[in-house]
Amino acid sequence: MFRKEHVGGDSHGISYWYEDDEMVGHRLYKEIRKFEVKKAKSKGSQVPLNASYQWETVASNFDEFQDVSRKERLLKKQHGQAPS
């Protein structure tokens, strides 16, 4: 069964999903959502035109998971947040 667990995301339309499958093992995926919008006739309104979704495998082994974790800690440090 293809089942993923949503583990986070950001305000730029990127979501992260974790999969623990007996056949493929542990994997971390990145889902990138892009939306095209058109301004509507009403002031301040927007009408969605098109949505696209792109999936990338971010990590599929222990070293890749460590690399993702290290990069996330660096990003938090750059933005002045304490690492978790």
Side-chain angles (χ1 to χ4, degrees):
M1 179 183 261
F2 191 66
R3 182 173 280 174
K4 293 181 187 65
E5 177 184 344
H6 186 255
V7 293
D10 64 20
S11 62
H12 300 289
I14 297 176
S15 294
Y16 291 92
W17 298 82
Y18 173 74
E19 178 181 35
D20 181 11
D21 183 272
E22 291 178 13
M23 299 296 285
V24 298
H26 304 277
R27 294 189 182 258
L28 182 65
Y29 298 95
K30 177 167 59 171
E31 175 193 20
I32 303 168
R33 292 168 287 166
K34 296 180 182 177
F35 297 97
E36 289 181 49
V37 294
K38 171 179 108 172
K39 289 190 177 184
K41 294 180 181 181
S42 304
K43 188 176 182 179
S45 298
Q46 294 185 338
V47 177
L49 287 179
N50 199 7
S52 66
Y53 299 87
Q54 177 182 345
W55 287 84
E56 295 176 13
T57 303
V58 178
S60 61
N61 61 48
F62 183 74
D63 291 335
E64 291 173 348
F65 272 94
Q66 279 190 316
D67 191 40
V68 169
S69 177
R70 198 171 17 256
K71 286 177 183 175
E72 186 170 316
R73 278 191 228 118
L74 285 172
L75 283 173
K76 286 182 178 182
K77 191 175 183 179
Q78 288 174 354
H79 294 293
Q81 299 173 351
S84 52

Which heavy-atom pair separates Phe65 from Ser60 by the least distance, and what is that distance?
CE1-N, 4.4 Å
Not counting sequence neighbours, which residues clear side-chain hydrogen bond (donor to acceptor under 3.5 Å, both in side chains) with Gln66? List them please.
none
By side-chain contact (heavy atoms from CB on, under 4.5 Å) - contacts of Glu31 (at least two apart)
Ser15, Trp17, Arg33, Tyr53, Trp55
side-chain hydrogen bond (donor to acceptor under 3.5 Å, both in side chains) filter on Ser69, not counting sequence neighbours, yields Arg73
Val58 versus Tyr29, closest heavy-atom pair with distance
CG2-C, 4.0 Å
Once rounded to the nearest 0.5 Å, what's the spacing between atom CZ of Arg27 and atom CG of Asn61?
9.0 Å
Going by side-chain contact (heavy atoms from CB on, under 4.5 Å), name the residues that satisfy it together with Glu56, two or more places apart in sequence or in a different chain.
Lys30, Ile32, Gln54
Pairs satisfying salt bridge (charged side-chain N to carboxylate O under 4.0 Å, His left out), at least one member in residues 57-69, at least two apart
Asp67-Arg70, Asp67-Lys71
Test side-chain contact (heavy atoms from CB on, under 4.5 Å) applied to Val7 - qualifying residues, sequence neighbours left out:
Glu5, Tyr16, Tyr18, Leu28
